Amino acid sequence: QVQLAEYGGGLVQAGGSLRLACAASGRTFVSYDMGWFRQAPGKERAFVAVITRSTSTTHYADSVKGRFTISRDNAKNMMYLLMETLKPEDTAVYYCAARQGFGISYNVQGYEYWGQGTQVTVSS
């Protein structure tokens, strides 16, 4: 089992940058694919990015490709999301998630563990 906690949300102007961090408890962090999801008001939680457990292969939603970068530090049990050139439509609660199952998942249902979320607000 793993427990997750997000850090680094806040208010930023459009065009600005923000880096989110996700701290994971436990000794088996390397056993999980790690993902970022976001949920805007009135919308369903949506995939943002994923980084795999073994090769650190990354995949991104089309809406953030080229602007966001996901990374992980297995030695520190940490995952990050660097968000650049932020837009007002990036405003959402951002969640980190861990997947123990095999195969890359882009769906909420594919992840067994979730953090509490951190608010990101981008002003125009």
Side-chain angles (χ1 to χ4, degrees):
Q1 193 170 2
V2 63
Q3 293 183 326
L4 305 172
E6 302 93 341
Y7 302 92
L11 174 64
V12 63
Q13 287 188 332
S17 300
L18 207 57
R19 189 175 85 151
L20 304 183
C22 174
S25 66
R27 303 178 184 176
T28 59
F29 180 70
V30 296
S31 300
Y32 299 93
D33 285 353
M34 298 297 297
W36 286 99
F37 289 75
R38 66 186 181 186
Q39 187 166 18
K43 295 187 177 182
E44 294 186 350
R45 196 171 298 186
F47 168 77
V48 173
V50 61
I51 185 165
T52 63
R53 69 199 76 183
S54 55
T55 61
S56 291
T57 299
T58 59
H59 295 271
Y60 298 91
D62 288 343
S63 58
V64 307
K65 201 171 295 183
R67 300 188 298 121
F68 289 13
T69 304
I70 188 173
S71 60
R72 65 190 295 165
D73 185 337
N74 291 333
K76 296 181 179 179
N77 283 12
M78 294 292 294
M79 178 180 65
Y80 305 96
L81 185 69
L82 175 62
M83 305 184 293
E84 300 176 292
T85 318
L86 281 161
K87 304 175 181 179
E89 50 264 43
D90 294 318
T91 295
V93 177
Y94 283 71
Y95 298 89
C96 69
R99 171 174 169 78
Q100 198 167 18
F102 290 99
I104 296 174
S105 177
Y106 307 103
N107 301 312
V108 169
Q109 295 79 4
Y111 291 77
E112 294 90 350
Y113 304 102
W114 293 84
Q116 80 286 354
T118 185
Q119 177 70 47
V120 172
T121 302
V122 184
S123 64
S124 58

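Keep in mind the model is a prediction, meaning the values are calculated, not measured.
- Closest of all the heavy-atom pairs between S124 and P88 is CB-CG, 3.8 Å.
- Applying the under-4.5 Å side-chain rule to Ile, Leu, Val, Met, Phe, Trp and Tyr, the cluster around Y80 extends to M78.
- The minimum heavy-atom distance linking C96 with E6 is given by the pair N-OE2, 2.8 Å.
- Taken to the nearest 0.5 Å, the NE2 atom of H59 stands 11.5 Å off from the OG atom of S105.
- Although no hydrogens or angles enter the test, the distance criterion places no donor-acceptor pair under 3.5 Å between the side chain of Q3 and the main chain of S25.
- For the atom pair T118 OG1 and L18 CG, the distance stands at 8.0 Å (nearest 0.5 Å).
- The side-chain hydrogen bond (donor to acceptor under 3.5 Å, both in side chains) search around T52 returns T55, not counting sequence neighbours.
- N74 contributes no side-chain N or O that, together with a main-chain N or O of F29, makes up a donor-acceptor pair within less than 3.5 Å.
- Side-chain contact between S71 and L82 is absent, with no heavy-atom pair separated by less than 4.5 Å.
- In this structure, OG on S56 lies 9.5 Å from CG on D33, to the nearest 0.5 angstrom.
- Looking at D90 and R38, their side chains come closer than 4.5 Å, going by heavy atoms from C-beta outward.
- Residues A24 and L4 come closest through the heavy atom pair CB-CD2, 3.7 Å.
- One distance of note links CD1 of I51 with OG1 of T57; it measures 8.0 Å at 0.5 Å rounding.
- R53 and Y32 share no side-chain donor-acceptor pair at under 3.5 Å.
- Taking CZ of R19 as the reference point, atom CD of E84 lies at 11.5 Å (rounded to 0.5 Å).
- Of the inter-residue distances, the one linking M79 atom CE with M34 atom CE reads 4.0 Å to the nearest 0.5 angstrom.
- Looking at T121, its side chain never comes within 3.5 Å of a backbone N or O of T91 through a donor-acceptor pair.
- Its side chain within the 4.5 Å cluster rule, V108 clusters with F37, F47, V50, V93, Y95, I104, Y106, Y111, W114 among the Ile, Leu, Val, Met, Phe, Trp and Tyr residues.
- Of all heavy-atom pairs between T85 and S17, the closest is N-OG, 4.4 Å.
- Closest approach of V2 to A98, counting heavy atoms only: CG1-CB, 3.9 Å.
- Side chain of Q116 to backbone of A5: no donor-acceptor contact under 3.5 angstrom is found.
- Side-chain atoms of E112 come within 3.5 Å of backbone N or O of Q100 as a donor-acceptor pair.
- Between the side chain of Y60 and the backbone N or O of I70, at least one donor-acceptor pair lies under 3.5 Å.
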